[in-house]
Amino acid sequence: MKRNLYFIWLTGIIFMVTTGCKKNNLNSTGQPVVQAYLLAGHPIRVNLYQQKSLTDTANYGPAITGQQLYISDGSKQIQLTETTKGTYTSNDSTFLVSGKTYSLSFKYLSQTVSAKTVMPYKPQNFQTQYGQVYYENDKNTTRGEIDTLNKFTWDNPDSLNHVLVFDNIEKTTLPLRAGIISNSGSYQFMMQADRKSVYFVESDSFPYYGSFQVVLLSVNQEYADLLKSNTLGSNSQNLLNTPTNVVNGIGIFTAFQSDTLSFILRY
């Protein structure tokens, strides 16, 4: 998978699952928000923000600058560099490898903020039953007959959590059935496979026709918990405490790996 495409869909996921971290936890006033997604074989990037108030409509709080961030793999520790305001990076693409535990630490307002995560192993034997499917639904009804469009399989001997991400490379959102509202500019969607090794994609859960790159992510529990919390939704009448694995802070410090294949759904 090309690196630029990888970061296109990753940015979309980051926005979806982290916006809630800054406005739903009522017991964390003044704590920093950590946003870090570690990718094996890639440089490291950690974003730090101030927590938002419930009335703040911005996507993110103000950046936290001037911090000294360290990441350790148990035998080696590296210090990140603040490359832009609130963004701390390391260009060492060899530091993140499968199976190791990584620890983040820094001091903020006299407290030590820390988090841990494990770099999962890359998904193995990711396959699709069909490379291309032709499907026609009754567009005169709001819900046609539910059909299985495709089956995706992979090896999962350790029962890891998995997520499927569908990226429409044609950048079109032709609805699969009547009643779906086209979300202009959004060409990606995801399906949680939990701890399975097979996922059946059905017509009632697949929104659009097109050519897709299908990304299978092996993810840690903290990431799965955050996705689940995001799907529950929150508003002023239903405030949720968003899951976090950050000590003396909120947000997420996690890692994942991926494999990719293609799938085409035609009318």
Side-chain angles (χ1 to χ4, degrees), residues 3-4 6-7 10-53 56 58-120 217 219-226 229 241-258:
R3 183 175 175 180
N4 60 342
Y6 190 98
F7 283 101
L10 175 59
T11 301
I13 298 172
I14 287 174
F15 176 79
M16 284 189 289
V17 301
T18 58
T19 52
C21 290
K22 295 166 284 299
K23 59 171 37 178
N24 294 331
N25 194 319
L26 300 180
N27 300 316
S28 306
T29 302
Q31 291 186 325
V33 178
V34 177
Q35 184 191 79
Y37 295 81
L38 307 183
L39 312 172
H42 287 263
I44 298 171
R45 184 177 71 182
V46 178
N47 293 319
L48 297 184
Y49 305 98
Q50 296 177 26
Q51 187 185 6
K52 300 197 310 177
S53 67
D56 192 345
N59 288 336
Y60 300 101
I64 296 177
T65 63
Q67 304 300 302
Q68 293 183 335
L69 272 67
Y70 298 91
I71 292 182
S72 171
D73 65 0
S75 58
K76 178 182 177 182
Q77 178 175 272
I78 62 173
Q79 181 175 353
L80 305 187
T81 301
E82 187 174 11
T83 50
T84 59
K85 287 185 177 181
T87 299
Y88 300 81
T89 64
S90 169
N91 290 326
D92 185 356
S93 60
T94 66
F95 185 65
L96 301 178
V97 297
S98 302
K100 285 195 173 183
T101 298
Y102 293 91
S103 302
L104 168 74
S105 65
F106 63 97
K107 286 189 177 296
Y108 181 72
L109 299 180
S110 75
Q111 287 191 314
T112 298
V113 181
S114 62
K116 287 185 178 182
T117 192
V118 177
M119 179 62 68
L217 302 175
V219 303
N220 295 321
Q221 190 61 47
E222 66 266 10
Y223 188 81
D225 290 343
L226 186 57
S229 172
N241 286 325
T242 303
T244 179
N245 66 332
V246 180
V247 178
N248 292 324
I250 54 178
I252 189 168
F253 177 74
T254 193
F256 54 83
Q257 294 211 59
S258 69

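Throughout, residue positions are numbered sequentially from 1 according to the sequence presented. Only heavy atoms go into these numbers, but all of them, side chains included; no hydrogens, no water, no symmetry mates.
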Student: Could you tell me whether the side chain of Val46 reaches within less than 4.5 Å of the side chain of Val34, counting heavy atoms only?
Tutor: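 Side-chain contact under 4.5 Å: yes.
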Student: Between atom CZ of Arg45 and atom CG of Leu80, what is the distance when rounded to the nearest 0.5 Å?
Tutor: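 Output value for this atom pair is 12.5 Å.
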Student: Angle between ring planes, Phe256 versus Tyr223, binned at 30° and 60°: parallel, tilted or perpendicular?
Tutor: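 Phe256 vs Tyr223 ring planes: tilted.
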Student: Hey, is the main chain of Gly251 close enough, under 3.5 Å, to the side chain of Thr244 for a donor-acceptor pair?
Tutor: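 Looks like yes, one N/O pair under 3.5 Å.
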Student: For a quick test of reading the model, state the closest non-hydrogen atom pair linking Gln51 to Val33 and the distance between them.
Tutor: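 Heavy atoms only, the tightest pair is CA-CG2, 3.9 Å.
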Student: Holding to ring pair (Phe, Tyr, Trp, His ring centres under 6.0 Å), I want the full list of residues that pass it with Tyr102, two or more places apart in sequence or in another chain.
Tutor: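 Scan of Tyr102 (ring pair (Phe, Tyr, Trp, His ring centres under 6.0 Å), adjacent residues dropped) gives Phe95.
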Student: Tell me every residue that passes side-chain contact (heavy atoms from CB on, under 4.5 Å) with Ala115, counting only those two or more places apart in sequence or in another chain.
Tutor: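 With sequence neighbours excluded, Ala115 shows a side-chain contact (heavy atoms from CB on, under 4.5 Å) to Val246, Phe253, given in chain and number order.
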Student: Output all residues satisfying side-chain hydrogen bond (donor to acceptor under 3.5 Å, both in side chains) with Gln67, sequence neighbours left out; order by chain, then residue number.
Tutor: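 Counting only residues at least two positions away or on another chain, Gln67 forms no side-chain hydrogen bond (donor to acceptor under 3.5 Å, both in side chains).
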Student: Give, for atom CD of Gln221 and atom CG of Leu226, the distance between the pair rounded to the nearest 0.5 Å.
Tutor: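 So the CD of Gln221 and the CG of Leu226 are separated by 11.5 Å.
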Student: Can you name the residues that form a side-chain hydrogen bond (donor to acceptor under 3.5 Å, both in side chains) with Ser98, not counting sequence neighbours?
Tutor: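 Testing Ser98 for side-chain hydrogen bond (donor to acceptor under 3.5 Å, both in side chains), a comparison that skips the adjacent residues, returns Gln257.
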Student: Please examine the side chains of Glu82 and Thr65, heavy atoms only from C-beta on, and report whether any two atoms are closer than 4.5 Å.
Tutor: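 A side-chain contact under 4.5 Å exists here.
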Student: Without placing hydrogens or testing angles, list every side-chain donor-acceptor pair under 3.5 Å for residues 103-113, not counting sequence neighbours.
Tutor:
residue : atom : partner : partner atom : Å
Lys107  : NZ   : Thr112  : OG1          : 2.9

Student: Write out all pairs satisfying salt bridge (charged side-chain N to carboxylate O under 4.0 Å, His left out) with one or both partners inside residues 88-106, taking only residues at least two apart or from two chains.
Tutor: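 Every pair satisfying salt bridge (charged side-chain N to carboxylate O under 4.0 Å, His left out) with a residue in residues 88-106: Asp73-Lys100, Lys76-Asp92.
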Student: Could you work out, with side-chain contact (heavy atoms from CB on, under 4.5 Å) as the rule, every residue matching Glu222, not counting sequence neighbours?
Tutor: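 Glu222 satisfies side-chain contact (heavy atoms from CB on, under 4.5 Å) with Thr117, Asn220, Asn245, Ile252, Thr254 once adjacent residues are dropped.
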Student: With side chain to side chain contact (heavy atoms under 4.5 Å, CB included) as the test, would you mind laying out the steps for Leu48 and Tyr88 before giving the verdict?
Tutor: CA-CA 8 Å; Leu48 297 184; Tyr88 300 81; 3.7 Å; yes
Student: Working to the nearest 0.5 Å, report the span between OG of Ser258 and CG of Leu217.
Tutor: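 It comes to 6.0 Å.
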Student: Atom OG1 in Thr81, atom CG in Asn91: separation rounded to 0.5 Å?
Tutor: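 Spacing of OG1 (Thr81) from CG (Asn91) equals 8.0 Å.
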Student: Between Pro120 and Ala255, which heavy-atom pair has the shortest distance, and what is it?
Tutor: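 Heavy-atom minimum between the residues: CD-O, 3.6 Å.
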Student: With sequence neighbours left out, what residues match Ser72 under side-chain contact (heavy atoms from CB on, under 4.5 Å)?
Tutor: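 Ser72 satisfies side-chain contact (heavy atoms from CB on, under 4.5 Å) with Gln77 once adjacent residues are dropped.
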Student: Within a reach of under 6.0 Å around CD of Gln79, are more than 12 heavy atoms found that belong to other residues, nucleotides or ligands?
Tutor: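 Enclosed.
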Student: Working to the nearest 0.5 angstrom, can you tell me the gap between Asn47 CG and Thr87 OG1?
Tutor: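 Here the interatomic distance stands at 4.0 Å.
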Student: Using 0.5 Å steps for rounding, measure from the NE2 atom of His42 to the CG atom of Leu96.
Tutor: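 The CG atom of Leu96 is 9.5 Å from NE2 of His42, to the nearest 0.5 Å.
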